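Below: one structure, written as structure tokens.
For ligands, and for the atoms within them, numbers begin at 1 and follow the listed sequence. Given the structure is predicted, the values throughout are model-derived calculations rather than measurements.
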Amino acid sequence: MPLHQDPGSIHILTPEDIHKFLDPLSDILEKSVRKGAAVRFVMPFTKMDARAYWWNEILPAVQSGEVTLFAAFENQIPIGTVQLIKQMPSNQPHRCEVSKLIVHPDHRRKGIAGNLMQALENHANYLKKSLITLDTKTGDNAERFYKSLGFTPAGVIPNFALDTDGKNYHGTTYMYKELSAHA
Ligand SMILES: CC(C)(COP(=O)(O)OP(=O)(O)OC[C@H]1O[C@@H](n2cnc3c(N)ncnc32)[C@H](O)[C@@H]1OP(=O)(O)O)[C@@H](O)C(=O)NCCC(=O)NCCS
């Protein structure tokens with residue numbers, strides 16, 4: 001994947017980091033949903049809702065080790081984030097899942113998402129995972145982006161979720177990537 005000029009340094013966030021960076025993390029999520037990001041939420045979605053999401057759902061998941069949270073930083077502030085869900089049913093120890101790849105709208109098209117996904121894939125390799133799965137809004141830029149990273153569409157479920165306007169439904173595309181080192 002082409003790397004752009006210094007597109008943010010990537011770090012794994014600790015529970016303490018989530019506390020410290022709750023405000024910028026909430027800003028990324030709230031502004032992205034307001035711009036139409038299909039990441040589970042519908043409008044109205046406030047900064048308080050975003051804070052509650054990070055605090056009530058992601059902090060415990062990071063604390064328990066269920067999720068690894070990556071963030072891209074610029075000037076010591078997170079500007080993009082992605083989650084690797086590691087905890088799977090006992091018959092799928094080799095699988096992990098990508099969740100909520102979001103880049104702050106003011107920092108897009110600089111290669112941040114590409115770098116976040118590279119860090120996630122490196123970590124999945126480190127964990128000896130051999131299968132990464134995800135789902136994304138059918139036809140979205142993100143779907144083309146994931147294809148460019150080597151993810152294969154497994155199938156489309158039509159009318160899977162509501163758009164952020166809460167009115168129209170969109171399909172979701174399930175995708176997967178096998179990591180060659182362990183396939
Ligand atoms: C999808 C998203 C994460 C991409 O973040 P980003 O940092 O801008 O992506 P990158 O700069 O790494 O772009 C990588 C490639 O993806 C493609 N791409 C990304 N955004 C695109 C857009 N708006 N239009 C067309 N292609 C796009 C391009 O091929 C791009 O490479 P290029 O800039 O060299 O042409 C970002 O737009 C976002 O946060 N969207 C809202 C949340 C979302 O939909 N997340 C994915 C669902 S889980």
Rounded to the nearest 0.5 Å, how far does NZ of Lys129 lie from CZ of Arg95?
9.0 Å
Tell me if the aromatic rings of His170 and Phe160 count as close, with their centers under 6.0 Å from one another.
no
What part of Ser32, side chain, backbone, both or neither, has a heavy atom within less than 4.0 angstrom of ligand 1?
neither
Around Lys20, counting heavy atoms of other residues, nucleotides and ligands shown, do more than 12 lie under 6.0 Å from its NZ?
no
Step through it carefully: locate the ring centre of Phe151, locate the ring centre of Phe145, and say whether they are under 6.0 Å apart.
no
State whether a side-chain donor-acceptor pair under 3.5 Å links Gln118 with Asn122.
yes
Evaluating non-hydrogen atoms only, which member of Asp140, Val103, Thr81 is closest to atom 44 (O) of ligand 1?
Asp140
Would you check whether Gly111 reaches within less than 4.0 Å of ligand 1, judged by its heavy atoms?
yes
Classify the contact between Thr136 and ligand 1 as side chain, backbone, both or neither, using a heavy-atom distance cut-off of under 4.0 Å.
side chain
Out of all atoms in ligand 1, which are within 4.0 Å of some heavy atom of Gly114? Include the element for each.
12 (O)
With atoms numbered from 1 as shown, which atoms in ligand 1 lie under 4.0 angstrom from a non-hydrogen atom of Ala37?
41 (C), 42 (C)
Could you pull out, from Lys147, Arg144, Arg109, the option with a heavy atom nearest to atom 21 (C) of ligand 1?
Arg109
Pick one of side chain, backbone, both or neither for how Leu101 approaches ligand 1, counting any non-hydrogen atom pair under 4.0 Å.
both
Donor-acceptor pair, distance only, cut-off 3.5 Å: does the side chain of Thr81 make one with the backbone of Phe70?
yes
What part of Lys110 sits under 4.0 Å from ligand 1 if we count only heavy atoms: the side chain, the backbone, both or neither?
backbone
Per-atom filter on ligand 1: closer than 4.0 angstrom to a heavy atom of Ile102 are 39 (O), 42 (C)
Numbering the atoms of ligand 1 from 1, which are under 4.0 Å from a heavy atom of Tyr146?
46 (C), 48 (S)
Heavy-atom distance under 4.5 Å between the side chains of Lys177 and Thr152, does that happen here?
no
With side chains defined as the heavy atoms from C-beta onward, is the minimum distance between Leu120 and Val98 less than 4.5 Å?
yes
In terms of atom number and element, which parts of ligand 1 are under 4.0 angstrom from non-hydrogen atoms of Phe145?
14 (C), 15 (C), 16 (O)
